[in-house]
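Values below: all heavy atoms of this structure, side chains included; hydrogens, waters and symmetry mates excluded. In what follows, every chain begins at residue 1, and chains take the letters A, B, ... in the order their sequences are listed.
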Amino acid sequence: MDPQTYAVRVENVFEGPMDLLVHLIRKHELDIYDIPIGLITEQYLQYLDWMKALNIDLAGDFLVMAATLAQIKSRMLLPAHGEGDPEAEDPRLAIVRPLAEYMQMKAAAEALARRSILGEQTFTHPTARDEHEWDPDPSMIRVGLFELIEAFQQVIERIGPAHQVDLQADTISIKERIGQIVDLLEDAGSLAFDELFQATAHRVEVIVTFLAVLEMARLELIEIVQSSQTGIIRIFYR
Amino acid sequence: MSEDLGAILEGLLFAAEGPLNLGTLAEVIGTGDQEGLRRALESLAEEYENRGGGFYLQQVAGGYQLRSRPRFHPWIRRLRGIGAPRLSRAALETLAIVAYRQPVVRAEIEAVRGVDCGGVLRMLLERRLIRVMGRREIPGRPLLYGTTRIFLEVFELRDLKDLPTLKEIKELSSDPGQPVATGSAADCQESVPLQESGKKP
């Protein structure tokens, strides 16, 4: 017989050590800027014991937090170094700052949850969103780097020598360009490679755009395919 | 004509696959008078409010969309075979951090939540509520995350500025007598159950 046949699977328990702290603070209605560190540490360790007893898998994070609490507690017991030093920090700040930030984000998450969430509280027409996820068409082939470079050379040739490299201020970064392309793709679902390059664009912009496309492909944000008939390269948002 | 316009708009909203913005509507209808369209949409919205029927007109992600009223969600869920809500508390917390701190890297999210967020981030990416916005130019070049247009659609936001500020949220949640943990409406607790067990080995 398997001795482990009966295992309690507890849901709705604490997500992590921060949740446990928030729970304890709310339960005792404590002011997070004046935490009685002894009480909290003791309670925290008690919960860990219960969780162990209940066979709940304890993540290492819980133990790290226990150590942090114990350390703060011991530092509180020590006399402050350098008497009258106004710079001497309350050791509890090490835990108060992250706690305050976490509670703020928790409140933000709760505010999000109170909204009418599409697909949970409110519904609209079943959208055709899934349809424009890329449907592999047999006449399309995934494009290789060489085809891409070839297409890029064509774009550069089309721009011609009239636009010399002209380094002015206000050139766009690759990161910004990725953001713009994502916006375009969110609207259209897919774009022809040529559409990304305006004929009037500066060479620098063209290069930035090309590098942005390569980076996006590497991050697997996009799928680049070429039609075997027309040779047109298209970029699909994944 | 204005009656016609209302009916045309209603038809378009009914048949649309996503939120319709004023630009698209003006183009489809063939008018340059976006202000007139906006007024017509407003009076449609009002009409739906007065009627109190099964749907309403919502301004979302820069457009307009017909949506079913939240109080009918139990029936619609049954119709669509949708079980428990799909956004766990972990997902909502992660999403809130991304929304308010974007562009943000995974380490920053984990620093706030104090737990590993890899799985949650992957799920949010798959559901397209967040997106990769690039990389931060620091050692390791970590990915930067931000929210998407779908995030706006799902949470009925016109744009990111439509999110309540953290200060507003704080004022709301520090109301005396109202514990921070619970929402104001009874049914919203139902909407945030915890599906995921805390930790998987």
Side-chain angles (χ1 to χ4, degrees), chain A residues 9-19 21-23 26 56-59 61-62 64-65 98 101-129 131 173-176 178-179 182-183 186-187 212 215-216 219-221, chain B residues 16-18 58 65-70 73 76 80 82 85-87 89-90 92-93 95-97 99-100 111-116 131-135 143-144 148-149 153-157 164 166 169-170 172-173 179-181 183-185 188 191-201:
Chain A
R9 193 171 156 216
V10 187
E11 305 209 358
N12 207 342
V13 281
F14 311 103
E15 208 73 56
M18 296 287 266
D19 292 278
L21 279 185
V22 170
H23 170 80
R26 284 177 177 169
I56 295 171
D57 218 8
L58 273 187
D61 305 325
F62 277 99
V64 172
M65 178 64 81
E101 185 172 24
Y102 182 55
M103 286 172 87
Q104 188 182 44
M105 283 302 148
K106 245 177 139 50
E110 282 153 12
L112 276 183
R114 279 194 293 272
R115 305 188 72 86
S116 301
I117 299 173
L118 183 66
E120 295 195 358
Q121 275 81 40
T122 184
F123 295 85
T124 179
H125 281 289
T127 57
R129 233 180 240 305
E131 285 171 22
S173 74
I174 294 177
K175 206 191 318 176
E176 283 167 332
I178 289 178
V182 167
D183 283 338
E186 275 194 346
D187 275 337
E215 179 74 0
M216 289 171 84
L219 298 175
E220 298 188 348
L221 287 173
Chain B
E17 285 178 354
Q58 174 70 29
Q65 192 171 42
L66 293 178
R67 296 192 164 190
S68 68
R69 287 201 193 276
H73 78 261
I76 297 170
R80 299 237 183 128
I82 296 169
R86 289 166 292 179
L87 280 174
R89 196 187 54 174
L92 282 164
E93 278 180 22
L95 200 51
I97 297 167
Y100 282 94
V112 175
R113 293 196 59 233
V115 285
D116 182 280
R131 69 186 196 199
V132 173
M133 298 177 84
R135 286 179 184 276
L143 294 173
L144 284 165
T148 59
R149 175 173 301 181
E153 286 182 29
V154 167
F155 288 91
E156 295 208 323
L157 296 160
L166 291 173
I169 290 170
K170 199 179 171 196
L172 206 85
S173 58
V180 191
S184 51
C188 60
S191 71
V192 216
L194 301 165
Q195 279 170 277
E196 295 169 354
S197 60
K199 281 278 158 191
K200 273 155 201 144

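The nearest pair of heavy atoms linking B:Leu166 to A:Ala108 is CD2-CB, 4.0 Å. Taking every heavy atom of both residues into account, A:Thr124 and B:Gln65 meet most closely at OG1-NE2, 3.5 Å. Annotation for A:Lys175 and B:Met133: closest pair CG-O, 3.6 Å, computed over non-hydrogen atoms. When all heavy atoms of A:Ala107 and B:Ile169 are compared, the closest pair comes out as CB-CG2, 3.5 Å. In plain terms, the two heavy atoms of A:Glu215 and B:Arg135 that are nearest each other are OE2-NE, 3.5 Å.
Of the two parts of B:Phe155, the backbone and the side chain both hold a non-hydrogen atom closer than 4.5 Å to a non-hydrogen atom of chain A. Proximity to chain A is limited to the side chain of B:Arg80, based on heavy atoms less than 4.5 angstrom apart. Only the backbone of B:Arg69 comes within contact range of chain A, judged by heavy atoms closer than 4.5 Å. With a 4.5 Å cut-off on non-hydrogen atoms, B:Ile97 touches chain A through its backbone and its side chain both.
In this structure, A:Pro17 and B:Val115 have side chains that are in contact, with non-hydrogen atoms separated by less than 4.5 Å.
No other option in B:Ala99, B:Gly114, B:Pro164 has as many heavy-atom pairs under 4.5 Å with chain A as B:Gly114. Contact count against chain A (heavy-atom pairs under 4.5 Å) is highest for B:Ile76 among B:Leu144, B:Thr148, B:Ile76, B:Leu143.
Not one N or O on the side chain of B:Ser68 forms a donor-acceptor pair closer than 3.5 Å with the backbone of A:Thr122.
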